[in-house]
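Per chain, numbering begins at 1; letters A, B, ... match sequence-line order. Since the structure is predicted, the reported quantities are computational estimates derived from the model, not experimental observations.
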Amino acid sequence: MAFYITTAISYVNGAPHLGHAYEAIATDVIARHMRQRNEDVFFLTGTDEHGEPVADAAKDQGVTPQVLADENAARFRALLPQLDVSNDFFIRTTDAEHHRRVQEVLRRVHDNGFTYKGLYEGWYCPKCADFKVENEILDGNRCPIHEIALTREQEENWFFRLSAFQGRLEQLYAEQPAFVMPLQRFNEARAFVTSGLQDVSLSRARMNWGVTVPWDPSHVFYVWFDALLNYYTALGYARPGDDLTDRYWPANFHVIGKDILKFHTVFWPAMLMAAELPTPAHVFVHGFLLGADGRKMSKSLGNVLDPFEVLDEFGTDALRFYLMRDVQFGSDGPVGMEQVTVRYEAELANEYGNLASRTLAMLQRYRDGRVPEVDTDPALAESFAGLADDVVDLIDAAEVTGALELIWQRVRRCNRYVEERAPWQLARDPERAAELDQVLASLAEGIRALSVLLCAYIPVSARRLLDALRADDTRVEAAAFAARGSGATVSALAPLFPKR
RNA sequence: GGCCCGGUAGCUCAGUUGGUCAGAGCAGCGGACUCAUAAUCCGUCAGACGCAGGUUCGAGUCCUGCCCGGGCUACCA
């Protein structure tokens, strides 16, 4: 089955930071897992490059918006391979093909009668040449930047008849209780819809850094509408000569941060309805990463976790593991270098890495590196029963943290199993060779099954261990605990997660 | 103000439809073992499950009120 998943696209008016990495990694875990299930996966990410902030920043730097966008888009794009993110395409909203398709879709919205020319009225700062939002205005209606008095002004805009979709959106929320996840966000979005919808402006006339409105070329589309459409337009040109739209649309998952909830859970489905396009199955809203002190990360507080520092110190898999493990996906959570160290040493090095080391070492020492081809221990098999299915169910619900916890319970179980059976004692008694065979075969099988499931989270390390075990099948089906030892001759493996 | 989440051992949190539900991990303390990256394993400590009522044979688990923390309450992207 087709499985289409996206991250939000990053706004290029800034540098990539941990938040971008977090979202990309979480989405990548789901995408990789789905590929392990032989789903026909398409994973999209990219950059959002239009709008006033980019135009303004470019002006400040004395370059054209396109030059600025090119520079910054390259930085975002370069981040992905560093994180081992396996996106299938990287869309830029400045792509010509994107422009063309945005115009196509919104033309249809226009033709269907869901737009009209109206007046946007708001508080305007003549120095900023920009309207200010209600909650950013200082007391006395003053500009937050210039602190000068704002004037009440109007601008002629094209409007989108969001209000016309109130009923259909309510219906969507009634029929798809998992349209927005987790539940708190669903409630939030639904409450917003229920409270009554106003029309929203669809175009801007004061600015030209955007996609031209085809029926009124003096306007460009409001950046959000252009940006949201990336999820749809990308499928049209990601594979030159092959339109993937029918194959993948609508998306299974849009993974986003809570700050852009409204755009994705209200505006976006309404716009798709207006264009007569199917709406996505799920919008998953993740939380924010906080400083180790639980406060919002900020340079002045000095509580920022630098992803590149983690990558340098511990590596890509460690960063991926840490973020998926330590912060419940869907909630906010504190992160810090100390916590990274604890998870790395206690779990990746001591529990998983060392489990691999001791297992391989015993195979080498007691059986010349060969996994005995004997029946595995039903007691250990029992501990793995249902694991892969449970992981599958949790990932279906985007519960990447919960799934990892289940996997990790079995990592611990394997270490306990080693102690229970004490293979080094069995090795001293030739009469108990059969028992030792069983224990070693079972342990090899255990770390193999675990590594298959861990491929989505720590792809490089899991793969290294599987290679050492001569086990190349990474499909989720292969995560079932086998009834017999593989008979493979394993190879030596340097510590997967060396301690410093 | 209204609405939505949450408030469970020192810390981070699990606890499905009410009846071994009082748990896990980390931290602390004690012990065992040696295959392993001095890794691992076992035991142990503590908690009136935010407060007060209520429903029930029985409630972290349902109802009401209150307290505390967080979020949303529209056009910054």
Side-chain angles (χ1 to χ4, degrees), chain A residues 8-14 48-57 120-122 128 130-136 144 157 159-160 162 182-202 204 222-227 258-263 266-267 285 287-288 290 294 325-328 330-334 339 342-343 345-366 401-402 405 408-409 412 414-427 436 439-440 443 493-500:
Chain A
I9 50 177
S10 305
Y11 200 61
V12 292
N13 187 33
D48 176 11
E49 310 186 9
H50 293 132
E52 240 163 58
V54 169
D56 291 350
Y120 175 80
E121 183 179 306
C128 296
D130 190 15
F131 285 97
K132 296 297 163 186
V133 195
E134 212 54 57
N135 60 16
E136 64 177 338
N157 276 177
F159 275 73
F160 172 56
L162 182 63
L183 182 62
Q184 178 181 176
R185 301 303 170 193
F186 177 89
N187 291 337
E188 223 172 275
R190 187 181 51 186
F192 180 78
V193 171
T194 309
S195 72
L197 297 176
Q198 300 165 25
D199 294 341
V200 292
S201 52
L202 178 66
R204 292 288 134 98
Y222 173 42
V223 63
W224 259 110
F225 287 88
D226 146 31
K258 62 184 185 180
D259 52 333
I260 54 178
L261 173 108
K262 204 182 308 167
F263 296 101
V266 182
F267 295 17
V285 186
F288 288 156
L290 308 172
R325 182 90 172 117
D326 222 28
V327 178
Q328 177 66 38
S331 304
D332 291 354
Q339 290 84 337
V342 168
R343 289 284 185 191
E345 296 197 345
E347 300 190 330
L348 287 176
N350 294 351
E351 293 183 336
Y352 178 65
N354 185 54
L355 173 64
S357 292
R358 66 200 306 208
T359 300
L360 291 174
M362 287 190 282
L363 282 168
Q364 199 58 250
R365 185 155 164 170
Y366 302 136
T401 309
E405 167 62 20
W408 219 255
Q409 285 172 6
R412 297 197 165 113
C414 285
N415 275 318
R416 240 178 291 132
Y417 182 75
V418 177
E419 302 302 321
E420 283 170 15
R421 303 301 303 271
W424 50 90
Q425 284 178 15
L426 299 177
L436 181 57
V439 171
L440 295 178
L443 281 172
L493 183 65
L496 285 174
F497 298 98
K499 292 207 274 191
R500 300 157 307 150

Checklist entry - Who are the side chain to side chain contact (heavy atoms under 4.5 Å, CB included) partners of A:A422, not counting sequence neighbours? => result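 Partners of A:A422 by the side chain to side chain contact (heavy atoms under 4.5 Å, CB included) criterion, ordered by chain and then number, come out as A:W424, A:Q425.
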Next on the checklist: Just to verify, what does A:E347 make a salt bridge (charged side-chain N to carboxylate O under 4.0 Å, His left out) with, not counting sequence neighbours?
Outcome noted: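 A:E347 satisfies salt bridge (charged side-chain N to carboxylate O under 4.0 Å, His left out) with A:R325, A:R343, A:R412 only.
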Report the nucleotide, chosen from [options], that has the shortest atom-to-atom distance to any side-chain atom of [X].
X      : options                : value
A:Y11  : B:rA77, B:rU40, B:rA74 : B:rA77
A:L197 : B:rA74, B:rA77, B:rA36 : B:rA74
A:S357 : B:rC41, B:rU37, B:rC35 : B:rU37
A:P495 : B:rA39, B:rU37, B:rA74 : B:rU37
A:N415 : B:rU37, B:rC41, B:rC75 : B:rC41
A:E419 : B:rC35, B:rC33, B:rC75 : B:rC35

Distances under 3.5 Å only, N/O to N/O: pair up the protein atoms with those of nucleotides 4-10 of chain B.
residue: B:rC4; atom: O3'; partner: A:N187; partner atom: ND2; Å: 3.3
residue: B:rC5; atom: O2'; partner: A:Q184; partner atom: NE2; Å: 3.1

Checklist entry - Any side-chain heavy-atom pair from A:L440 and A:M362 closer than 4.5 angstrom? => result yes
How would you label the contact of [X] with the nucleic acid (heavy atoms, under 4.0 Å): base, sugar-phosphate, or nothing?
X      : answer
A:Y222 : sugar-phosphate
A:F497 : base
A:G402 : nothing

Item to check | ring-ring contact (aromatic ring centres under 6.0 Å, His included) against A:Y120, all qualifying residues, sequence neighbours excluded | outcome: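 Applying ring-ring contact (aromatic ring centres under 6.0 Å, His included) to A:Y120 gives A:F131.
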Checklist entry - Sequence neighbours excluded, which residues qualify as ring-ring contact (aromatic ring centres under 6.0 Å, His included) partners of A:F192? => result none
Checklist entry - Should A:E419 and A:R416 count as an ion pair when the cut-off is N to O under 4.0 Å? => result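 Salt bridge absent between A:E419 and A:R416.
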Checklist entry - Dot-bracket for RNA chain B, 5' to 3', with Watson-Crick and G-U pairs under 3.5 Å, [ ] for crossing pairs and | for other-strand pairs: what is it? => result (((((((..((((.....[...)))).(((((.......))))).....(((((..]....))))))))))))....
Checklist entry - If anything within 90° of 0 is syn and all else is anti, what is B:rG60? => result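 Nucleotide B:rG60 adopts syn.
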